[in-house]
Amino acid sequence: DALLPPGVYTLHDLRAFGRKKGWCPYFLARHMLAFCNVLVYNYQYLLDPKVSGLVSRELERECIVVFDEAHNIDNVCIEALSVNLRQQTLDNAG
């Protein structure tokens, strides 16, 4: 079950609600990801495999994600999907 009534919540709203209920705002926000219809999100939480496996797997299947600060998204995608190889590794593989 959802913990919050339907609505639009900012980080400040979640912090105030969490304090009022005695809940950690961070874990409240993490729990509510499973119920979001629209989410304004830092792209690194979804694109970085190390982070997304911990945070983003809870997203609602039909959720619309709006990336915040997406002007660097191309570099992050390239970096996340790139590997560095040494010449010695390539030589040993062949």
Going from [atom1] on [X] to [atom2] on [Y], what distance comes out if it is rounded to the nearest 0.5 angstrom?
X     : Y     : atom1 : atom2 : value
Leu28 : Asp13 : CG    : CG    : 11.0 Å
Arg19 : Cys24 : CZ    : SG    : 10.5 Å
Arg86 : Asn84 : CZ    : CG    : 11.5 Å

> For the hydrophobic clusters of this structure (ILVMFWY residues joined by side-chain heavy atoms under 4.5 Å, transitively), does one cluster hold both Ile73 and Tyr41?
Replying inline: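 Per the 4.5 Å side-chain linkage, Ile73 and Tyr41 are co-clustered.
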
> Under 4.5 Å between side-chain heavy atoms, hopping through other hydrophobics if needed: is there a path connecting Trp23 to Phe35?
Replying inline: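 The answer is yes; both residues are in one hydrophobic cluster.
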
Under 4.5 Å between any side-chain heavy atoms of [X] and [Y], yes or no?
X     : Y     : result
Phe17 : Tyr9  : no
Leu4  : Met32 : yes
Leu11 : Tyr26 : no

>> How close do Val65 and Phe67 get, counting heavy atoms only, and between which atoms?
In response: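 The answer is CG1-CE2, 3.8 Å.
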
>> So which atom in Leu39 and which in Cys63 form the shortest heavy-atom distance, rounded to 0.1 Å?
In response: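 Closest heavy-atom pair between Leu39 and Cys63: CB-SG, 4.0 Å.
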
> Would Asn92 and Thr89 count as having a side-chain donor-acceptor pair, cut-off 3.5 Å?
Replying inline: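 No, no side-chain donor-acceptor pair sits under 3.5 Å.
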
>> For Arg30, I'd like to know if atom CZ has over 12 heavy atoms of other residues, nucleotides or ligands within 6.0 Å.
In response: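 Above 12, so yes.
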
